[in-house]
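Below: one structure, written as structure tokens.
What you see is a predicted model; the values in this text were computed from it and never measured. First the proteins, then the strands, lettered A, B, ... as listed; each starts at 1.
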2 protein chains.
Amino acid sequence: MSAIADVARLAGVAKATASRALSGRGYVSEATRLRVVAAAREIGYVASPNAASLVTGRTKNVGVIIPFISRWFFSEVLESLEQALLAEGYDMTLYNLPAASAERDSVFEYFLARKRFDGVISVGVALSEAEVDRLHRLGRPLIGIGGPIRDVHTIAIDDVATARLATEHLLGLGHVDVVHVGGDPIDEMDFRVHSQRLSGFYSAMRDAGRSTDRCFYPCEFSMPGGYEVGLSVLGDPRTRPTAIFAASDEIAIGVIVAARELGIQVPAELSVIGIDGHPYADMFRLTTLEQHPRRQGHLAVSALLTELARPTDADARPEEDGYLTVLPTNLVIRSSTSGPHRPRR
Amino acid sequence: MSAIADVARLAGVAKATASRALSGRGYVSEATRLRVVAAAREIGYVASPNAASLVTGRTKNVGVIIPFISRWFFSEVLESLEQALLAEGYDMTLYNLPAASAERDSVFEYFLARKRFDGVISVGVALSEAEVDRLHRLGRPLIGIGGPIRDVHTIAIDDVATARLATEHLLGLGHVDVVHVGGDPIDEMDFRVHSQRLSGFYSAMRDAGRSTDRCFYPCEFSMPGGYEVGLSVLGDPRTRPTAIFAASDEIAIGVIVAARELGIQVPAELSVIGIDGHPYADMFRLTTLEQHPRRQGHLAVSALLTELARPTDADARPEEDGYLTVLPTNLVIRSSTSGPHRPRR
DNA sequence: CTTTCTGCTGGAACCGGTTCCAGTATCGTC
DNA sequence: GACGATACTGGAACCGGTTCCAGCAGAAAG
């Protein structure tokens, strides 16, 4: 284990000088700098980050808390976060936050309390008031992705508006019996995603003068979830809707698979639209509103770096503005949507 | 920032005593222990892990290197690793290792060299000889998942045997024209997964006396990949096989979707089998060989903990045995496979 | 020729814990 | 009553860096 003292000895300088030479802070003559660097290379010296962060207080590490890893949106965000942080010399500690449980508490009380990071990025976690307080008390910059957190700069899409857009696309094609299949607001998995997409749907329907009775079917937020509900919603030809707005592409694809199994032509007999921009969308020719998780990840990292560069906490934040960065979604029309072909009563 | 010195002062003891009381190592009377704990709680003391690991050398952190995050197998493993580590009081630093590139080198030279972890788990990474050396030189325990690494305890399934089993299932049903759709061994993504599953297939075919000409179709290792190849392999009725062994469930599902679009009945006209135990398998009624990524993750963690508990590195390892833990896969028969119903020439 | 500034270097303190070692009190044993 | 073992406590060294401060050149300014 070579320490900086060894490097200093080999280079014939003091520890202080060696430290300055290697970190690049403070005065060091070019000649000695080269000597120190050479010595360091010779013995394969790598600075101990523990010792450094003990005195500087910065760890070059970012904590990420996230409720799921294996779902598309989350794994995409995670990958982009990791890339962006790596490029900036930060490594990433991952905290997979389960629903309310002893493990969840331990993340807050034990792991996060250790403060082994310079900042935290919270991805789509539904935080309780107490949890938000705890995060703030850590005294570290905090950035959110996927839904607003009190007093935290958050990167997100506008779920209400996006759901509204999706619904309006179907209504604009002339559909009357439009149905929404999505996550149940009761067991809100992360943010207000379920309820917000639902409310965007409802408001678009109301604005178009449509009834909102019996047109929401909750399902598990996955492809099998959409499939299952799809089978039951589409099973009865008499009550079958002509268009379905699914809260996610995976749900939408589940619905399409169900429709195909039931012999229902998409889009001739049924239009389906989703939200996400999932890589499978193309293969199922799914019309969707693309959000861009990787872009959200990159933005979150640069927002965090900005906060980290801010000289002191006491420094007034720039006018509370820019606190919610809303990213646009874009409509990609494929052939899962068209006007209703069946005559309606 | 409350330090242990503050706790000691408040409890009226020395730093040393406070440390012993809180860590539970060494003699402390019950009375003072309680006093110290109370004092610590009062001022909300949390030990600085940096300071602790500076002197003890252990970080209570485990590094995980992984080539993908968003693919099913990897995200499942990751989730299980995180859970298991958390339960043991370890947090997890994630290094998403891209294919050979400057970023990849930086992970080894910069991030891993910092040694901010007690051990490393490598998940399905194809490591070069030089990289394996570098990992060993870190002087930290190393566990592999998904493929053998030189001198490293690895948890894996037997890809050759599993592929053989899948193929034999199809052959056993009486299929003659059996085809394998899988990853291209040329751009091996992680371990020898592609080539091993291919060779298991070939050997089963040869053992059954079947020709192995023109019966392997490489594709991207994903559902769209399987779909695309499925369309082309199944497109021509004259050359269409009666059974397909797909290297993964996602590929298999892609093939099934392609078959359905082409109006080919599964399993009446085409049997399909996959490998994985993907959550979508049920909904597509896919026969598959289940591997259990979560179990692999848990085993890797306990193997790592065992290594960490080993007193010294100099200590002889237990006879090199148990160095490869091979996990069984189990056949789950659903209705994507059956005997060939079409008369054969 | 002094004074001041700038560039550079080394000694020492410090970050916040852990652990070694010495010292004391209590207890059981011969 | 002497002795050793056992339970407990505090002082001090230490882990491996960073940073403050003082000191000392040599150059520029007065």
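Not counting sequence neighbours, the partners of B:Arg134 by the salt bridge (Lys or Arg N to Asp or Glu O under 4.0 Å) test are B:Glu109.
Here CZ of A:Arg140 is found 13.5 Å from CD of A:Glu307. Values are rounded to the nearest 0.5 Å. Rounded to the nearest 0.5 Å, atoms NE2 (A:His292) and CG (A:Leu327) are 8.5 Å apart.
Relative orientation of the B:Phe111 and B:Tyr95 rings is tilted, given thresholds of 30° and 60° on the angle between their planes.
Rounded to an integer number of Å, the gap from A:Leu22 CG to D:dG17 P is 9 Å. The interatomic distance linking B:Arg9 (CZ) with C:dG16 (C1') rounds to 13 Å, in whole Å. Atom-to-atom, NZ of A:Lys60 to C1' of D:dT18 comes out at 16 Å; the value is rounded to the nearest Å.
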Which pairs, protein N/O on one side and nucleotides 10-14 of chain D N/O on the other, fall under 3.5 Å?
{"unit_1": "D:dG10", "atom_1": "OP2", "unit_2": "B:Ala14", "atom_2": "N", "d": "3.0"}
{"unit_1": "D:dG10", "atom_1": "OP2", "unit_2": "B:Thr17", "atom_2": "OG1", "d": "2.8"}
{"unit_1": "D:dG10", "atom_1": "N7", "unit_2": "B:Arg20", "atom_2": "NH2", "d": "2.9"}
{"unit_1": "D:dG10", "atom_1": "O6", "unit_2": "B:Arg20", "atom_2": "NH1", "d": "3.1"}

Considering only nitrogen or oxygen atoms on both sides, find all protein atoms under 3.5 Å from nucleotides 6-8 of chain D and state each distance.
{"unit_1": "D:dA7", "atom_1": "OP2", "unit_2": "B:Tyr27", "atom_2": "OH", "d": "2.7"}

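Nearest to the side-chain atoms of A:Ala52 among the listed nucleotides D:dG17, C:dT18, D:dG16 stands D:dG17.
Of the candidates A:Thr93, A:Leu142, A:Leu135, A:Asn96, A:Ile65 forms a side chain to side chain contact (heavy atoms under 4.5 Å, CB included) with just one, namely A:Leu135.
Dashed line: the shortest gap from a side-chain N or O of A:Tyr45 to OP1 or OP2 of D:dG16 is not under 4.0 Å.
Residue-level contact check: B:Ser19 touches the bases, meaning some heavy atom is under 4.0 Å from a base atom.
Remark on DNA chain C: of its neighbouring residues B:Arg25 and A:Ala51, the 5'-side contact belongs to A:Ala51, judged by nearest-heavy-atom nucleotide.
Looking only at distances, a side-chain donor or acceptor of A:Ser101 sits under 3.5 Å from a matching main-chain atom of A:Ala99.
The two residues B:Ile69 and B:Ser75 have their closest heavy-atom pair at O-CB, 3.1 Å. Nearest approach of A:Gly146 to A:Thr154, heavy atoms of both residues: N-CG2, 4.1 Å.
Judged as a salt bridge (Lys or Arg N to Asp or Glu O under 4.0 Å), the pairs with a partner in residues 76-96 of chain B (not counting sequence neighbours) are, in order, A:Arg114-B:Asp91, A:Arg116-B:Asp91, B:Glu76-B:Arg294, B:Glu79-B:Arg294.
Note on the helix from C:dC1-D:dG30 to C:dC30-D:dG1: angle between the axes of the first and last five pairs equals 50°, rounded to 10 degrees.
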Donor-acceptor pairs are to be reported for all side-chain atoms of residues 39-48 of chain B against protein atoms at under 3.5 Å, with residues two or more places apart or in another chain.
{"unit_1": "B:Ser48", "atom_1": "OG", "unit_2": "B:Asn50", "atom_2": "N", "d": "3.4"}
{"unit_1": "B:Ser48", "atom_1": "OG", "unit_2": "B:Ala51", "atom_2": "N", "d": "3.2"}

